[in-house]
Each structure stands twice: as structure tokens, then as C-alpha cells.
Participant: 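What follows is a structure written as C-alpha cells; I'll ask about it next.
Each chain gets a letter, A, B and so on, in the order its sequence line appears, and its residues count up from 1.
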Amino acid sequence: MATAAKPGDNRKINLIGLERTDYKGNVSTLCAGCGHDSISAQIMTAAFDLSLKPHTIIKMSGIGCSSKSPAYFLSRSHGFNALHGRMPSVVTGATLANRSLEAIAVSGDGDTGSIGFSQYKHLLRRNVPMVYIIENNGVYGLTKGQFSATADQGQKLKYAGLNELPPIDLCAEAILSGCGFVARSFSGDAKQVRELLKAAMSYHGTAVVDIISPCVTFNNHDESTKSYAYGKAHEEPIHDITFIKQYEEITVDYEPGTVQVVKMHDGPTIRLKKLDRDYDPTSKMAALQLLEGAHEKQEFVTGLLYINEGRPTLPELQHLPSTPLAKLSPDQLRPGEDKLREIMATFM
Amino acid sequence: MSTVDVQADVQHSAVAERPTVVNDFSFVAATVNGSGSQTANSVLIRAIFKMGIPVNGKNLFPSNISGLPTWYTIRINKDGYIARREGTEIVVAFNKNTAAADLAGLPEGGVCVYADDIPLDRARTDVTYYALPAKELVKQSGADVKLRDYVANMVYVGALAELLGIDRDEIKAALTFHFQGKTKPINLNYGVVEAAAEWVRANNHAPCPFRVEAMAKTTGQIMIDGNTAGALGAVFGGVSLVSWYPITPSTSLVDALNEYLPEFRHDADGAPTYTVVQAEDELAAIGMVMGAGWAGARAMTATSGPGISLMSEFAGLGYFAEIPGVIWDIQRMGPSTGLPTRVSQGDVLSTYFLGHGDTRHVCLLPGTMADCFEFGYLAFDLAERLQTPVFVLSDLDLGMNSWLSEPFTYPQEPMDRGKVLSVEDLKRLGSFQRYADVDGDGIGYRTLPGTDHPAAAYFTRGTGHNANAIYSERPDDWQGNMERLDRKHETARRLVPKPVIDQHAAAKLAILGFGSSDGAIQEARDRLTTQGVATSSLRLRALPLTDEVRDFVAAHERVYVVELNQDGQMYRLLCMEYPELATKFISIAHCDGLPLTARFITEQIQQREG
Ligand SMILES: Cc1ncc(C[n+]2csc(CCOP(=O)(O)OP(=O)(O)O)c2C)c(N)n1
Ligand code: SF4
Ligand SMILES: [Mg+2]
């Protein structure tokens, strides 16, 4: 019988009888050492660990190095590499058409923070059920190193020169737009990325995970906050997270007395292990203050910044039936001939 | 009935002794936008329609919420000609700012009905005047002060009823229809109608030279606008997702969807089997349509030229990644914001080729209310069969004005959901290639997300791909794919609606048109026939052009291409598609914001034919 795979567990088969390789994708064509690839690896692990059914997942993205990555994981899931900045609307349409699909989307800081900023904000406002991963490197990777809107003020790039504009914080923007799951991590922190992804995948609504993901080719100067060196030195985890799905054995990998439990929509819980501060992720104001404070110190806090389980999702607001719209039968789709006659009579 | 003590104010004109014209004239109501004249006009047109007389109404309105002038023209024609005409015989001058110009526009022998608080210079002696004490009549109706402005236009309804002989029972029935049986507004409005009619009867010395007489030519017909017809077609086509961003003149199409979907599309528990999302812009609107079409639902959006511009990149993605979706373009006047409330057929070229690179889209071209309804569902069948975005190019005249039609025919064919592989299919096949041309028609097989089979998934992308949907930069992959898309376009050529052809063996000349201009074209042909000029006609109903078009053109010496734009876009497209026939085409393109008239077309052809 299949048993639950715990994080880091090397047992071959998960609860639905699939192997790790069933969650693999094509070979990556990104630069060796690109942060985006580490994230892909954790997406595969998280999906395997959670025993997600690949055929119910849709992998969505915009355009960019980051947005290419859905081709590099979960080959047994349908994927859609859409337009630059327009992935949110495509996911909105797809998840309304078939509300049983689970969308995992990957975007970049350019894709989300510039060309797609409006779609990002409106998607969050609508609470489209999905995992929205931003692989944030502060540059446009695919077009070879221009500044993105999340680049640090005062940062210098070889080709782009000096950035004098303040960065947009995509987590703060998410919180302001009503997003109920906002997390930040660092691509080099495999464990935290994985646990946050698992939590995001189990969240009911839009879950934003902004992952600092250094571009080794165009933005890995030590002084950049999106470099590996900076990331390791200045990352400030607000808590350790151990995500526990209902049917998993609860581990004791946390310090008693310092644990905050957040119950997820469909039963599982997230345990937040506070480190050096008494952080309450259910407070919007606290989250915004934390981000603003971190900005001033040019630090990034990692972990689950904000969670709110209260908001209905878009399909719920639209009162959609459980049968996906994409699966309606012809007689559910086309009213009868008598109906047309009735309507015609009203125009006579 | 009326107790208003106002002197009869009729001035006999020099031409009043002419024979009365019956069922062949037009009148225009000149009012102020936002004053509620739409109710008055729709009541008039409906009453005439219910008297069995062919009639058409055209609303010439400003891009403004209230205050600017607006003109509503009603053409009454016993022979069924319902295209716009230049000028009207009767003007209802209820807007003081335009009254002088409205009067000046009347032909000799015309009639001017006006509100007597408008200081009209009645210098013209070749016109019959009827000055109506509109304010006084409204006051006496007992209407609440706040409602007076809204019912004021009923004064001209009552006056015209009396002057033209419009059946007052039909007016009451039309009011009942308009107010959906609500007695209070019906009675209030009808009170004003009656008071005005009685006043005209009591004070009028001159018989009106124009009259309507009941006929039986509209029996069993419906009166509808193209946006409502298109929306109904979509409802019967199983539309499941609508995403849109408001823009005149397409908004009323989505309004109609919102009106009919709740009633006709819900499951046994009452849950809606559709969703309507107001998007943040047209990029998002078509993005949602693409997402839903990809996931297997019938999805559509409705927009106009500016929205089409914004949808360009997604249209290209849909074409290349092969995703079904339906986009209605209710054309208005461009470029730019242009004249947002005026009609044009100016999006032909931009929409057919919408997107960068080599892109050609299926475009349906409705020309009647029945077309609007039919294309409402057919567009989905074509989009899913061809796995591509399908555009429906309607226009403001079709979309927003009232037209007569036979009642719509229920779809005769079952829905065509296209080539979609099920789990059972995959079990049988073992695997599939998303972009392989298995059947030789250029159309591959697709699977829908959620299909529970290890071989079901494929990766949709706008980047170069091979038959397995894998990223590829290989020249042969690219070229092979584009050639398959060409084949698919040829398949579309065979599947799209055929043109409507009226071919005369003796005719050397032909008129080719599409969309809302058909009425003017057919009327022009009849005029030309009476002058001894025989013509054939062809009304295009879709792009790509079908083989019938080529044969038709080849069979004539000269083909006049009539359209409502500046550049002669369809003319250029025809020359491009049929270079060997290009010298046969002569462009008659006109674009001033108004629907085409038979006179314009006739004169253009006469001039060129010498
Ligand atoms: C409409 C449009 N404009 C511009 C581009 C070119 N382009 C491709 S990727 C990209 C930036 C990607 O940056 P980001 O989203 O941060 O992804 P990264 O490559 O850094 O992962 C741009 C500008 C495009 N594909 N489409
Ligand atoms: S250019 Fe930068 S973002 Fe793109 S693949 Fe290379 S390292 Fe990654
Ligand atoms: Mg980037």
C-alpha cells in the first residue's frame, strides 16, 4: 500500500501510486545555476509530496525565462505558455471553464510587475483559485538584463546602468489587492520554498509566492539584493513552516510553545515556527508594516507574510455549479426549440 | 377632449393640394439626447410595424449622455425598402438648437411638427407647419413635475398618430409592450398621447399630406436589433463564458446576454451554467476567452474597433496555438476613438489579418437579423471545429437599430464540438500528436485539461513548435506548421457560410456588398432596373472568400464593391485574393458616419457607367 511521502522522504511511490519521475518535465534550457530551476525542482517535489493528480493540474505562465519553466516540470499536466504579462486572464478563463482544475502558474518580475501589473492586480481582486509563483530576479532575464520594476533603487547593472526608481513590492501589492495568501522566499532555500509551495497548493484562493530567484547571468552582483550572496546574508525568515497535510503523520519538527497553527481551507494546517519576532500573519497591517520596515533595511523577510481564508473565490462568487462549464452536455448548453418560440413571441 | 385654449396654428403651404402620399415616406424626430425620446420613437415604430407596414428605424445619436442633439429616423415603405434615405419628408422639431437646420433640411412640400415654445422662423412657405403646445399638454396630463420632461415626447407621438393616421390602439399596445404591462406609466404616457392627438384633431385645418394605412406585410414578423439577435444566437449556441469590457456599440449585446442567460441557462439546482465577467480591459477579456476555450468551454467577448486593436496579440496567439473563441466586433467609426456612435465597416482588413506575422482569421459577416442569430451559434461551431478564434463583424446599424425579420429558425444541426479526444479515445490510441494533420484538413486533435490519461497532456505555446507541441526552432517544423495552418484556412473556406447570390444571366454588372448595406444595395438594383440597367448581386457572409465568390465575379464584366469605409477595404481584399480578376472590381466606398443609401449607390454606378 502506498504511504504518505514526507518531505525529504525518498520512498518511491506517493499516495496516488505515482513516482517522482511522474512529476518531471522536459530538460531545462535555462542557464546553469539559474534560481528558476531550483524552484521548478521544489514544485515537482511539492506536487509529489502532496500526491497531486497531474491531470488535474494546469501549468500556466507568461513570457520570460521564468515563464519558460512550466515546460520543465509536470509533463503529465496540460501547460499554457501564454503572452507576456497576460497569464492571469488566461488562468481566470481556464479556471472558470473548469473549476476542478488546479492552476500552478509561474511568472517573472517583469511579467508581473510591469507589462502584466494590471492583470496581476485584477486577478488578485477576483481571488482566482491558483498558485501564483513569481520568480523574482530584479531583471528582465530573457531580454538580456534590463531593469525590472522590482530592481533595487540605486542598483547598477552592466548594460542597463543605474536604477534610480524605487522598487515595486509585489507582496505588498498582493496584500493591498485583497490576496489571502502572500509569501516570500528565496530560491536557494529549498526547504522553505517547498513548504511554502505546499501550503500555497493547498490554499483555497489566489496564493502568491514571491521567490527571490537570482539571475546568475544578468543580476548576480553581490550588491544586488537579488543575488545569491546578498540573499544568503540578508534573508530574514520570519518563521519556519512545516506544512502538514491532513493524512500525513504530524512531525515534531518545531519548537513547542512557539508554534502558530494556521488551518487551511480543506483541512490541512500550516505550522509557523516563529524565530525572532512575534509575527501574526493574519494581520494585514502587520504584514505591510513588516514589508515596509524590511524595505528600509534593504532586507527581505521570508515566510508566510499574510493569510486570510475568508474570501470566496471567483467561481464561488459566480455561483458556478460543481459540473465544470467545459463539461456541460449539449442539452445543458442549448435551450429547447420551445424556448426559442417563446422568445420569438416576445418580439412579435 | 382637450381643453387647452390655444389657437390653431397651421399654416397652409403652397403645395398642400398635392395627392396624399401613403406608406412611402420618412420622418425624423429631432430631440435632445437623454430626454427620453427613445421611448417615444420605439412606440411609434412598433405601432407602425404592428399595422403591417414595412418600417425601419435608425437612431443617429451623439457620443454623449445627455444634452447633445439626437435624430431618430423612421422610414415607412410599402415595398419593403428599409435602407436609409437622404432626407425625410417630415421633421419633428423638438430640439430648439437644431430646429432651424432641421426645417431647412425638409424638401418642398414637407411637414414640420414642432413644440411651440421653440421660436421657429417660419419663413419657408413650401412647408406645412404644426405647432404643438407641448408644455401645456404635458402640464394638463397631471404628470408629476419630475416626470414631465420624460413624457413631453409623447406629445409628438400623439400628434403624429393623428396626422399620419397611426392606429391609436396600436400606440397603446406598443406602450404596454414597452412598459411590460405596468399600468401607471402606460396610462400616464398614453394620456399625453391622447391629449396631443385630440388637440391636433380639434385645431388642425390642414390635412397632412402623408398617411399610413394598415397592410399585412409584416404579419408573423419580429422586430429586433442585431445585438439582441446575436446574443440570442450565442445563448442557443451554448455560450458558457462571456468576458467583456464596455464599449459602444457592443455593450447592448452583453446586456442582452445578461438578460437571457439567467432565464435559459441554469442547472436543475438553479445554478448558472455560464459566467459573465466584466474584465479590466479588452486584453483581459480575450485572455479569459482564450483560457476558457483552451479548457473546453464555449467562450466569447464583444467589442468594437478600439477593443479589437487591443486584442491583436491574443488573436495571433489563438490563431497560432489554435484555441477556439468567439469575438464580436460591432464596428463603429475609426481610426482612433473616431465617431464612437456612428456606423462603419472599417475593421475588415485589420480584423481579417489581426495579429503580427502571417495571420488570417475566420470572419463572419452578418447582414440580417437572421444572420446575427445564426452566426451567434455558428461562430462557436466553427471556432471549435477549426480550433481558432472566430470573429463576427457586425456594425452599429445592424447591432443597435430595429429591424424586421422572420422569426429565427432553431439550429438545425447538433453542436459541433470539434476534434477533442476523450480518455476512451486515448486508451484506444495510446498517444496523440497535438499538431499532426491526421485527416488532411489541417486540423489536429486536442485534449482538454483535466483528461485523466497519462498521454493526455500537451504544452500550449505561442512559440514555434513541432507536431508534438514541443518547442522547436527547426525551419522544417516552422514551415510545416505554417503550411498546415494554410490548409486549415482552406478548410475554413469550405465551412464558412456561403454568400447570398442573385445572379441574372443578362447582367454584365454586379454589386458585391456585405453587412448592413444590403438594403441599400437591393433598392439601388431595383432603381437601376427601372432605368434599364440589369445587375446581379452577391452578399458576402464570411471570410475567407468561398469559391462561389470567384465564380460569381468571373461571370460578370464589372463588379461594384460597395462598402462603408474610406479605403475600400473589401475591394482591396478582393483584388488581393483574385489578382487575375482584379481589373473587374470597382470600389464604391463611402464613409461619413451614416448608413449607405440607395441613391448614393445608384448615382455612383450611373456616373461610372456613363
Ligand atoms: C508584448 C511583448 N513585449 C516584449 C516582449 C519581450 N520580453 C520577453 S521576456 C521579457 C521580460 C521578462 O522578464 P521577467 O518577467 O522578469 O522574466 P525573467 O526572464 O527575468 O525570468 C520581455 C520584455 C514580449 N515577449 N512581448
Ligand atoms: S538569463 Fe538569468 S533568468 Fe534567464 S535563464 Fe539565465 S540566469 Fe535564469
Ligand atoms: Mg525577471
Participant: Does the side chain of Met300(B) come within less than 4.5 Å of Phe380(B)'s, by heavy atoms?
Facilitator: yes
Participant: Regarding His204(A) and Glu316(A), do their side chains bring together a donor and an acceptor under 3.5 Å, going by distance alone?
Facilitator: yes
Participant: Is chain B contacted by the side chain of Pro70(A), its backbone, both, or neither, given a heavy-atom distance below 4.5 Å?
Facilitator: both
Participant: Pick one of side chain, backbone, both or neither for Arg125(A), based on which atoms fall under 4.5 Å of a heavy atom in chain B.
Facilitator: neither
Participant: Whether the Thr301(B) and Ser243(B) side chains hold a donor-acceptor pair (N or O, under 3.5 Å, no angle test) is what I'd like checked.
Facilitator: no
Participant: Would you call Phe459(B) and Asn81(A) a side-chain contact if the rule is heavy atoms closer than 4.5 Å?
Facilitator: yes
Participant: Tell me, out of Thr95(A), Val90(A), Val91(A), who's got the most heavy-atom pairs with chain B below 4.5 Å.
Facilitator: Val90(A)
Participant: Between Asp281(B) and chain A, which part of the residue has a heavy atom less than 4.5 Å away: side chain, backbone, both or neither?
Facilitator: side chain
Participant: Find the one option among Phe264(B), Tyr410(B), Phe49(B) whose heavy-atom pairs under 4.5 Å with chain A are most numerous.
Facilitator: Tyr410(B)
Participant: Is there side-chain contact between Thr451(B) and Leu421(B), with at least one heavy-atom pair below 4.5 Å?
Facilitator: no
Participant: Shorter than 4.5 Å, heavy atoms on both sides: which option in Ser77(A), Gly79(A), Ala326(A) has the most such pairs with chain B?
Facilitator: Gly79(A)
Participant: Sort out for me which of Thr463(B), Asp267(B), Leu317(B) touches chain A most, counting heavy-atom pairs under 4.5 Å.
Facilitator: Leu317(B)
Participant: Please identify, among Gly316(B), Ala271(B), Gly270(B), Gly462(B), the residue contributing the most non-hydrogen atom pairs under 4.5 Å to chain A.
Facilitator: Ala271(B)
Participant: With a 4.5 angstrom heavy-atom cut-off, is it the side chain or the backbone of Leu232(B) that approaches chain A, or both, or neither?
Facilitator: side chain
Participant: Can you classify the ring geometry of Tyr377(B) versus Phe373(B) as parallel (below 30°), tilted (30 to 60°) or perpendicular (above 60°)?
Facilitator: perpendicular
Participant: Counting heavy-atom pairs under 4.5 Å with chain B, which one of Lys68(A), Lys327(A), Met344(A), Arg334(A) comes out on top?
Facilitator: Arg334(A)
Participant: Can the ring centroids of Tyr120(A) and Tyr132(A) be said to lie less than 6.0 angstrom from one another?
Facilitator: yes
Participant: Under a 4.5 Å heavy-atom cut-off, does chain B meet the side chain of Ser118(A), its backbone, both or neither?
Facilitator: both
Participant: Would you check if the distance from the ring center of Tyr23(A) to the ring center of Phe48(A) is below 6.0 Å?
Facilitator: yes
Participant: Between Thr218(B) and Gln221(B), does a side-chain hydrogen bond (donor to acceptor under 3.5 Å, both in side chains) hold up when you go through it step by step?
Facilitator: CA-CA 5 Å; Thr218(B) 65; Gln221(B) 292 193 337; 5.2 Å; no
Participant: With distance as the sole test, does Asp225(B) use its side chain to make a donor-acceptor pair with the main-chain N or O of Asn227(B) at under 3.5 Å?
Facilitator: yes
Participant: Is chain B contacted by the side chain of Met87(A), its backbone, both, or neither, given a heavy-atom distance below 4.5 Å?
Facilitator: neither
Participant: Please determine if Lys50(B) and Glu170(B) form a salt bridge, counting it only when a charged side-chain N lies under 4.0 Å from a carboxylate O.
Facilitator: no
Participant: Counting only heavy atoms closer than 4.5 Å, note whether Ser75(A) contacts chain B via side chain, backbone, both or neither.
Facilitator: backbone
Participant: What part of Val239(B) gets within 4.5 angstrom of chain A, counting heavy atoms only: side chain, backbone, both, or neither?
Facilitator: neither
Participant: Quick check on the interface: out of Ile63(A), Ile58(A), Ile343(A), Leu96(A), who has the most heavy-atom pairs with chain B under 4.5 Å?
Facilitator: Ile343(A)
Participant: Who among Ser405(B), Ala295(B), Pro272(B) has the most heavy-atom pairs with chain A under 4.5 Å?
Facilitator: Pro272(B)
Participant: Quick one: of Ala299(B), Pro411(B), Ala321(B), Ala279(B), who has the most non-hydrogen atom pairs under 4.5 Å with chain A?
Facilitator: Pro411(B)
Participant: Under a 4.0 Å N-O cut-off, is there an ion pair linking Asp22(A) with Lys53(A)?
Facilitator: no
Participant: Is chain A contacted by the side chain of Glu280(B), its backbone, both, or neither, given a heavy-atom distance below 4.5 Å?
Facilitator: both
Participant: Return the option, out of Leu325(A), Ile57(A), Leu74(A), Leu328(A), with the maximum number of heavy-atom pairs under 4.5 Å with chain B.
Facilitator: Leu325(A)
Participant: Check each atom of Arg265(B) against the heavy atoms of chain A and say whether the ones under 4.5 Å are side chain, backbone, both or neither.
Facilitator: side chain
Participant: At a heavy-atom separation under 4.5 Å, does Leu101(A) approach chain B through its side chain, its backbone, both, or neither?
Facilitator: side chain
Participant: For Ile470(B), is it the side chain, the backbone, both or neither that has a heavy atom under 4.5 Å from a heavy atom of chain A?
Facilitator: side chain
Participant: Taking atom types as modelled, is there a side-chain donor on Thr447(B) or His453(B) under 3.5 Å from an acceptor on the other?
Facilitator: no
Participant: Chain B: which of Ala97(A), Pro54(A), Ala82(A) shares the most heavy-atom pairs with it under 4.5 Å?
Facilitator: Ala97(A)
Participant: Under a 4.5 Å heavy-atom cutoff, which of His266(B), Arg46(B), Met290(B) has the most pairs with chain A?
Facilitator: Arg46(B)
Participant: Determine, for Tyr458(B) and Arg434(B), whether the Lys NZ or Arg CZ falls below 6.0 Å from the six-membered ring centre while staying within 45 degrees of the axis.
Facilitator: yes
